Structures are given as structure tokens and as C-alpha cells.
Amino acid sequence: MALRLGDIAPDFSASTTDGPISFHNWMGDDWAVLFSHPKDFTPVCTTELGEVARLKPEFAKRGVKVIGLSVDPADSHTQWAKDIHETQGHALNFPLIADADRKVSDLYDMIHPNANDTLTVRSVFIIDGNKKIRLVLTYPASTGRNFAEILRVIDSLQLTDKHKVATPVNWQNGDDVIIVPALSDEDAKKRFPDGWRTVKPYLRVVAQPK
Ligand code: BEZ
């Protein structure tokens, strides 16, 4: 069955470019971004992995570990990593799962046979510190992902976990946010003593809480 938001991310053991891992142990108390790419030595994937390597400090700042996956073996990942460094200017600095037996791909439903029956699609799972799945994204092989968007979602999730707010369309960290409808005006006054702007009774805009 497909994995859904709020499900516990299935645990697994796998070999990676950083050696064998047990997924939940590897995460520890951190969040994780688990993402698949279709194949080693392919152009779009090469750019994506270089970008994730560049952004690794941004993920780390948010307490998030990143881990990639494809159905290629570990020695292929290691060879390809040289090309990623050479062409993207960033060395691979996070593990890539070598899922040649498709164990993890099947567990996370990363192979969509009507798109391609052997290669993984571009899946993304954001998993929180309680091992709950908080976001699922699926992109086709031909479209590279926007990892700034993944960071934006993490910022929204971590903010909205702490405060009774939600983030509006195209929100960026620091922008105004929305008071959740479940919070009465009376309770909102206690949480947001500096006030808010009521556009409609269900649309109350407030400065992003610190
Ligand atoms: C790529 O990463 O460039 C790619 C992989 C599989 C199919 C198409 C493109």
C-alpha cells in the first residue's frame, strides 16, 4: 500500500556509499529527506545530487539529514560521485543507497511501472524526528527537482509544528503567516498579543512568530 502523510517511515537496512546503514538508527533524532533518482551517470540526476551536496549545510541547520537512492550498485555510485564533483563543483557529502535488489524502492513505492518498470521515479519523502512521513513528492525522470522548495517545506513544517499557524501560498521564511482557523480570536489574542489583520474571519494574517 502507498505510504501516506502521518505514516511511520518504514525502517530498512541497506548498503550505501557511506557503508551499511540501518535507516532509523542512521536518522537518530534528526529529520530526514529520503529521495530517489532514476539512474547513475544520467544528466539530470548529476545536477540534482550536486545541488543537494551544495545545500547540505542548509539541511543540517534545520536538523535534517539527506540520503539518496537508486537501483544501481554501490561501486557505480562511487564512480559516478567523481563526475558529480568534477561537473557540479560539489563532492557527494551524504550517503547514496545502493538498492540493486529494489528492496527499499519497493518498500517506498518508488518504482512506478507505467512510467518505467525498472528505474525509480524522483520520489521525495520528508520524515520528521518521530519518523513520521510529513511530505511525499513524485517527479518524473525528465524533470529535475527544486531543492529550495524542499527546504521551504521543511521551514513551514518546523514552524507550524511549534505555533498555531499555517503558511500561505508561495510563503518564504520570514513572511507573514496565517492563524489556524481552529484558534478562536480569544485564544489568538493570548498567542499573538501584537495583533493580526483580519481579511475574512477565517483568514487572519500575522507576522511570523519568532
Ligand atoms: C536524468 O537524470 O537525466 C534522466 C534519468 C532517466 C531518464 C531521463 C533523464
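Values in this document were obtained by computation on a predicted structure and should not be read as measured data.
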Quick one, [X] and [Y] - any side-chain contact, counting heavy atoms below 4.5 Å?
{"X": "Pro140", "Y": "Val121", "answer": "no"}
{"X": "Phe125", "Y": "Tyr108", "answer": "yes"}
{"X": "Phe35", "Y": "Ile150", "answer": "no"}
{"X": "Lys189", "Y": "Trp196", "answer": "yes"}
{"X": "Asp101", "Y": "Asp99", "answer": "yes"}
{"X": "Phe94", "Y": "Val52", "answer": "yes"}

Residues which pass side-chain hydrogen bond (donor to acceptor under 3.5 Å, both in side chains) with Asn173, listed by chain and number, not counting sequence neighbours: Gln208
Side chains of [X] and [Y]: do they bring a donor and an acceptor to under 3.5 Å?
{"X": "Thr167", "Y": "Ser156", "answer": "yes"}
{"X": "Trp26", "Y": "Thr16", "answer": "no"}
{"X": "Trp80", "Y": "Thr78", "answer": "no"}

Name the one of Thr17, Asp72, Asp40 that satisfies side chain to side chain donor-acceptor pair (under 3.5 Å) with His77?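 For His77, the side chain to side chain donor-acceptor pair (under 3.5 Å) test succeeds with only one of Thr17, Asp72, Asp40, which is Asp40.
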Main-chain N/O of His24 paired with Asp11 side-chain donor or acceptor, under 3.5 Å: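 Yes, because the side chain of Asp11 sits within donor-acceptor range (under 3.5 Å) of the backbone of His24.
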Side-chain donor/acceptor of Lys103 to backbone N/O of Ser13, under 3.5 Å: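 A pair under 3.5 Å: yes.
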Is it true that atom NZ of Lys164 has more than 12 heavy atoms of other residues, nucleotides or ligands lying nearer than 6.0 Å? no
The salt bridge (charged side-chain N to carboxylate O under 4.0 Å, His left out) partners of Asp187 (sequence neighbours excluded) come to Lys190
Mind running side chain to side chain contact (heavy atoms under 4.5 Å, CB included) on Thr198 and Leu203 for me, showing each step along the way? CA-CA 6 Å; Thr198 301; Leu203 176 49; over 6 Å; no
From Phe59 atom CZ to Asn93 atom CG, the distance as rounded to the nearest 0.5 Å: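 So the CZ of Phe59 and the CG of Asn93 are separated by 11.0 Å.
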